[in-house]
Amino acid sequence: MTESIVVPCAHCATLNRIPNDKRVAQPQCGSCKKQIFIDAVFDLDSATFRQQSKGDVPLLVDVWASWCGPCRQFAPIFSEAAKQLSTQCRFGKLDSEAHPALSGELGVRSIPSLILFRNGKEIARQSGALPLVRLLDWLKHNGVDN
Ligand SMILES: [Zn+2]
């Protein structure tokens, strides 16, 4: 018997249940029929955040702002991690200027801030950008592995 996992669709945020061993087989969303996992970052807002933070595959949120230099420098690193860990973790960006209430609710005091969620709960947090190798190490240390 294969273990099944619950994962929100990267496109429409519908929760899908899939066999864990089909994770890498480009599973399709039962609702919108697009691929559940994408090898890229996606934007979060107050409506999609709740749903995207659910499920068994962690969501790493990058809280950023367009005026923040370190945030802009970190963006390609975050995208590269999304490419490398496309079925192990999901990578969402939260624009703190567009969504100040949600950023406040998440207790974000400085940007960039990285917050890792699994099953709707925060499991780790990192303030400030990291080089790619250290980001991957940090994720691994928190149970996200490729
Ligand atoms: Zn979908």
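Nothing here was measured: the structure is a model prediction, and the numbers come from that model. Note that ligands are numbered from 1 as they come in the structure, with each ligand's atoms numbered from 1 the same way.
- The distance from the CZ atom of Arg109 to the OG atom of Ser127 is 9.0 Å, given to the nearest 0.5 Å.
- Ion pairing between a basic and an acidic side chain is recognised when a charged N comes within 4.0 Å of a carboxylate O; Glu105 and Arg50 show such pairing.
- The CG atom of Leu59 sits 5.0 Å away from the CZ atom of Arg90 when rounded to the nearest 0.5 Å.
- In this structure, Phe91 has its ring center no closer than 6.0 Å to that of Phe42.
- Protein N/O/S atoms closer than 2.8 Å to the Zn ion (ligand 1): Cys9 SG, Cys12 SG, Cys29 SG, Cys32 SG.
- Under the side-chain contact (heavy atoms from CB on, under 4.5 Å) criterion, Arg72 pairs with no residue at all, not counting sequence neighbours.
- Classification of Asp62 and Lys93 as a salt-bridged pair holds, one side-chain N sitting under 4.0 Å from a carboxylate O.
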